Protein chains: 2
Amino acid sequence: MPHNHEAILNHVKADMPADEVLQDLGDLFKIFGDTTRIKIMYALHEDEMCVCAIAELLNMTQSAISHQLKVLKAANLVASRREGKTIYYRLSDDHVKSIIAQGYDHLTE
Amino acid sequence: MPHNHEAILNHVKADMPADEVLQDLGDLFKIFGDTTRIKIMYALHEDEMCVCAIAELLNMTQSAISHQLKVLKAANLVASRREGKTIYYRLSDDHVKSIIAQGYDHLTE
DNA sequence: TCATCATATGAACACTTGCTCATATGTTCA
DNA sequence: TGAACATATGAGCAAGTGTTCATATGATGA
């Protein structure tokens with residue numbers, strides 16, 4: 001007969017967050033899981049930047065950057081302000097920096 | 001004429017990690033960007049578990065779990081030990097917990 | 001109001017990804 | 001050695017994702 005895990009399962013189940021929370025967590029990290037978005041967030045690390053500057057920095061299309069900024073904004077990872085024709089993007093809070101830093105730590109060990 | 005970003009670009013470029021590092025960072029977070037893997041890591045949060053227990057907990061195929069454990073192991077996020085026929089998996093370091101915790105913080109604000 | 005710059009958006013396509021199914025590997029015990 | 005259990009693996013497929021291309025929206029200044 002297959003072995004039994006009743007004890008462990010009951011214990012772990014009790015500590016498990018709701019499915020919805022875990023789904024949201026996955027969705028959040030999915031956003032960090034793309035090099036272009038990582039680069040954008042890194043670029044905004046110290047200062048705000050306009051869309052075309054980011055595009056020039058990453059040597060990518062304005063459209064591609066704009067699409068990604070939309071994703072980042074929807075996840076509350078970046079915020080923006082308009083100044084004339086130009087729109088400046090910045091990181092919306094410090095979690096971005098901490099998350100990336102933790103990831104970096106894991107890599108460099 | 002389009003506006004100029006020379007100053008900002010030079011500044012940001014200097015602080016930008018190598019492309020390879022950013023690629024690795026993206027690849028790492030990509031692994032956190034899946035609900036099944038998040039659940040597995042959460043399940044291992046406190047204690048090691050064998051494959052079939054995880055499968056039972058998540059109500060998923062043994063094969064599906066095994067495939068994901070392989071991904072997690074390749075990224076050094078989990079480690080395993082054999083005990084007879086059973087193989088127990090555990091988190092390989094504390095970064096997993098910190099990364100998930102940071103993500104959780106971002107969500108609950 | 002018209003031309004130009006800055007950004008956003010939608011459709012389409014190539015590429016990736018996670019699961020399933022079938023099967024292989026590895027271990028134990030009789 | 002063979003049967004049963006635990007896990008791993010490979011191929012295949014449906015669903016998701018990031019970029020491009022064309023075009024739309026919005027703002028400025030002449």
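Just so we're on the same page: letters track the sequence lines, and every chain starts at 1. Only a predicted model underlies this, so the values are computations on that prediction, with no experimental measurement involved.
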If you look at every strand shown and take non-hydrogen atoms under 4.0 Å, does [X] touch a base, only sugar-phosphate, or nothing?
X       : answer
A/Tyr89 : sugar-phosphate
B/Ser66 : base
B/Thr61 : sugar-phosphate

More 5' along DNA chain D: A/Asn4 or A/Gly33, using each one's nearest nucleotide?
A/Asn4
Would you mind telling me which residue lines up with the more 5' stretch of DNA chain D, B/Ser80 or A/Gly84, judged by nearest nucleotide?
B/Ser80
Using 30° and 60° as the class boundaries, would you call the ring planes of A/His106 and B/His95 parallel, tilted or perpendicular?
perpendicular
To the nearest 0.5 angstrom, please state how far the CG atom of B/Leu69 sits from the CE atom of B/Met49.
10.5 Å
Give a yes/no answer on whether the side chain of [X] brings an N or O atom under 4.0 Å of OP1 or OP2 in [N].
X       : N      : answer
A/Ser63 : D/dC21 : no
B/Arg82 : D/dA6  : no
A/Lys70 : C/dT9  : yes

Quiz question: by atom type and distance under 3.5 Å, do the side chains of B/His45 and A/Asp15 form a donor-acceptor pair?
no
Rounding to an integer number of Å, can you tell me how far [X] [atom1] sits from [N] [atom2]?
X       : N      : atom1 : atom2 : answer
B/Glu83 : C/dC29 : CD    : C1'   : 16 Å
A/Asp27 : D/dA15 : CG    : C1'   : 15 Å
B/Asn59 : C/dG18 : CG    : C1'   : 17 Å
B/Ile31 : C/dT16 : CD1   : P     : 16 Å
A/Gln62 : C/dA8  : CD    : P     : 7 Å
A/Tyr88 : C/dT7  : OH    : P     : 8 Å
A/Lys85 : C/dC2  : NZ    : P     : 18 Å
A/Ile65 : D/dC21 : CD1   : C1'   : 16 Å

Applying side-chain hydrogen bond (donor to acceptor under 3.5 Å, both in side chains) between B/Ser80 and each of B/Arg90, B/Glu48, B/Lys73, report the one that passes.
B/Lys73
Nearest to the side chain of [X], heavy atoms from C-beta on, is which of [options]?
X       : options                : result
B/His67 : C/dA11, D/dA22, D/dA11 : D/dA11
A/Gln68 : D/dT7, C/dT7, D/dT19   : D/dT19
A/Lys30 : D/dA6, D/dT17, C/dA8   : D/dT17

Does A/Arg37 use its side chain to pair, donor to acceptor, with the backbone of A/Val71 at less than 3.5 Å?
no
